[in-house]
Every structure is written in C-alpha cells, then in structure tokens.
> 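Please read through the structure below; I'll follow up with questions.
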Amino acid sequence: QVQLVESGGGSVQAGGSLRLSCAASRNTYSSNCIAWFRQAPGQEREGVAGIYTGDPSTYYADSVEGRFTISQDNAKNTVYLEMHSLKPEDTAMYYCAASSKMDYYSYYKDYRLLCSRLSFPDFSYWGQGTQVTVSS
C-alpha cells in the first residue's frame with residue numbers, strides 16, 4: 001500500500017544543480033527515516049542522505065557532504081534532495097526509500113540510528129528510481 005513518488009531527475013552539466021522530490025503517505029512520512037540511495041551501473045547501492053522527519057535530523061554520505069541538502073515539507077509529506085556542484089561521479093539512478101512503521105519491530109526501531117547508517121536492508125519501501133546524469 002505504501003507508495004513513494006519520486007520526481008526531479010534529469011541531465012545537467014557538471015557544476016549544475018538539481019532537486020529531487022519524494023512524496024509519501026502521511027503515516028509513512030511522519031516520524032520516520034526517509035532516505036535517498038543511488039546506484040551506478042556495476043556499482044553497489046549506496047546511501048546518499050537521510051532525514052528523520054520527527055526532528056528533523058539529517059545525515060549525509062561523505063561523498064556529498066556540503067553539496068547536497070536533504071529537507072522536508074510536512075504540509076506536503078515530501079522530502080527533498082537539493083543537489084549542487086554536481087560532478088560526473090554523481091551520475092546514477094537515485095531511489096527514495098522509507099523504513100517500515102507497520103511491522104512487528106517498528107516499535108523498537110531507532111529511526112535516527114538507522115537513518116545515520118543508510119543501510120538499504122533497513123528500508124522496506126522504495127520508489128521507482130529517477131535517473132540523474134551529470135556530463136563533463
């Protein structure tokens with residue numbers, strides 16, 4: 001039933017900017033970790049950024065720290081990823097992901113901790129992916 005709706009991918013020149021959006025249902029969005037992952041061909045899926053929507057608290061991979069900003073809009077149940085100073089190395093399929101709040105273990109989860117880990121097994125719900133291509 002949970003659906004994450006992504007938008008904002010595209011092609012940009014190196015040094016350019018892009019903003020990705022991830023809209024979720026209210027229950028999924030609230031007091032949860034919503035994160036962005038990316039995967040390039042032949043590469044492992046890696047966490048990019050995460051936000052715990054209850055604070056909010058934000059977390060970033062070293063490779064994007066200082067260039068990307070994750071934020072939230074409670075009125076729209078939407079998480080954004082603003083990407084600046086894009087590099088060709090940022091080229092990948094980007095996925096929005098959310099942890100589950102509907103399983104037996106949800107009560108015991110430390111959402112801030114799993115958000116800081118940015119480990120994909122912690123996330124049950126995924127968007128369809130949106131391609132980001134950065135040309136040199």
Side-chain angles (χ1 to χ4, degrees):
Q1 264 192 322
V2 177
Q3 185 177 17
L4 302 175
V5 181
E6 302 166 327
S7 61
S11 298
V12 297
Q13 299 273 45
S17 300
L18 210 58
R19 187 177 80 162
L20 307 183
S21 300
C22 175
S25 68
R26 179 178 178 274
N27 289 339
T28 298
Y29 174 89
S30 179
S31 299
N32 197 4
C33 178
I34 312 294
W36 290 94
F37 289 77
R38 67 186 182 187
Q39 187 168 24
Q43 303 297 124
E44 295 182 348
R45 186 170 299 188
E46 63 172 342
V48 176
I51 186 166
Y52 173 67
T53 59
D55 293 322
S57 301
T58 58
Y59 309 90
Y60 298 95
D62 291 341
S63 59
V64 306
E65 182 74 45
R67 298 189 298 121
F68 292 10
T69 301
I70 190 168
S71 61
Q72 64 184 53
D73 185 336
N74 291 344
K76 297 181 178 180
N77 300 323
T78 297
V79 170
Y80 302 99
L81 184 67
E82 296 181 3
M83 304 183 292
H84 302 284
S85 301
L86 284 164
K87 303 182 291 185
E89 303 94 279
D90 296 317
T91 296
M93 184 72 73
Y94 283 70
Y95 299 91
C96 180
S99 184
S100 176
K101 296 170 60 180
M102 301 175 64
D103 60 41
Y104 179 81
Y105 302 99
S106 295
Y107 179 83
Y108 304 97
K109 287 181 179 178
D110 186 335
Y111 291 97
R112 293 179 182 86
L113 177 62
L114 68 86
C115 225
S116 69
R117 281 158 38 91
L118 290 173
S119 177
F120 83 88
D122 290 332
F123 297 85
S124 297
Y125 308 111
W126 295 82
Q128 78 285 352
T130 183
Q131 179 68 38
V132 172
T133 302
V134 184
S135 60
S136 59

> For the hydrophobic clusters of this structure (ILVMFWY residues joined by side-chain heavy atoms under 4.5 Å, transitively), does one cluster hold both V5 and Y80?
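In one cluster: no.
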> May I ask you to test the I34-Q72 pair for a side-chain heavy-atom distance under 4.5 Å?
no
> Where do V48 and V64 come nearest, in terms of heavy atoms and distance?
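The answer is O-CG2, 3.5 Å.
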> Rounded at 0.5 Å granularity, tell me how far CE in M83 sits from CZ in R19.
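Interatomic distance, M83 CE to R19 CZ, rounded to 0.5 Å: 11.0 Å.
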> Check whether any side-chain heavy atom of Y94 lies under 4.5 Å from a side-chain heavy atom of E6, and answer yes or no.
no
> If you count heavy atoms of other groups shown closer than 6.0 angstrom to CD of E89, is the number above 12?
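Yes, CD of E89 has more than 12 neighbouring heavy atoms, counting only those of other groups under 6.0 Å.
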> For a side-chain contact (heavy atoms from CB on, under 4.5 Å) check, start with the C-alpha distance between Y29 and N74, then their side-chain angles and the critical distance, and finish with the verdict.
CA-CA 8 Å; Y29 174 89; N74 291 344; 2.6 Å; yes
> What is the distance from atom NZ of K76 to atom SG of C22, rounded to the nearest 0.5 Å?
14.0 Å
> Does any part of the side chain of K109, heavy atoms only, come nearer than 4.5 Å to the side chain of D103, both counted from C-beta?
yes
> Donor-acceptor check, side chain of S57 to backbone of D55, threshold 3.5 angstrom: yes or no?
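Such a contact is absent between S57 side chain and D55 backbone.
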> Are the side chains of S99 and N32 in touch, meaning some heavy atoms are under 4.5 Å apart?
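Side chain of S99 against side chain of N32, heavy atoms only: contact under 4.5 Å found.
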> To check you understand the geometry: which heavy-atom pair defines the closest contact between S136 and A14, and what is its length?
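For S136 and A14, the tightest heavy-atom pair comes out as CA-CB, 4.2 Å.
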> A side-chain contact here means heavy atoms from C-beta on lying under 4.5 Å apart; do R38 and E46 qualify?
yes
> Restricting to non-hydrogen atoms, name the atom on L20 and the atom on G9 that form the minimum distance, rounded to 0.1 Å.
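That would be CD2-N, 3.6 Å.
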> For Y111, which fellow cluster members are found when Ile, Leu, Val, Met, Phe, Trp and Tyr are connected by side-chain heavy-atom distances below 4.5 angstrom, either directly or through intermediates?
F37, Y52, M93, Y95, L114, F120, F123, W126
> Under 4.5 Å between any side-chain heavy atoms of S17 and V12, yes or no?
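Heavy-atom side-chain distance check fails, nothing below 4.5 Å.
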> Taking C-beta and beyond as the side chain, do V79 and I70 meet within less than 4.5 Å on heavy atoms?
yes
> Would you say S106's side chain and S100's backbone share a donor-acceptor pair under 3.5 angstrom?
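Such a contact is found between S106 side chain and S100 backbone.
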> Under the 3.5 angstrom rule, does the side chain of T91 hit a backbone N or O of V134 as a donor-acceptor pair?
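Between the backbone of V134 and the side chain of T91 there is a qualifying donor-acceptor contact (under 3.5 Å).
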> Rounded to the nearest 0.5 Å, what separates atom OG1 in T130 from atom CG in L18?
8.0 Å
> Which heavy atom of K101 sits nearest to which heavy atom of N27, and what is that distance?
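Nearest pair, atom of K101 first, then N27: NZ-O, 2.8 Å.
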> List the steps, then state whether side-chain contact (heavy atoms from CB on, under 4.5 Å) holds for Y60 with R67.
CA-CA 10 Å; Y60 298 95; R67 298 189 298 121; over 6 Å; no
> As an exercise, state the distance from CG of D90 to OG of S63, rounded to the nearest 0.5 Å.
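Between atom CG of D90 and atom OG of S63 there are 7.0 Å.
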> Evaluate the side-chain proximity of F68 to L86: yes if any heavy-atom separation is below 4.5 Å, no if none is.
yes
> How close do A61 and L118 get, counting heavy atoms only, and between which atoms?
N-CD1, 4.5 Å
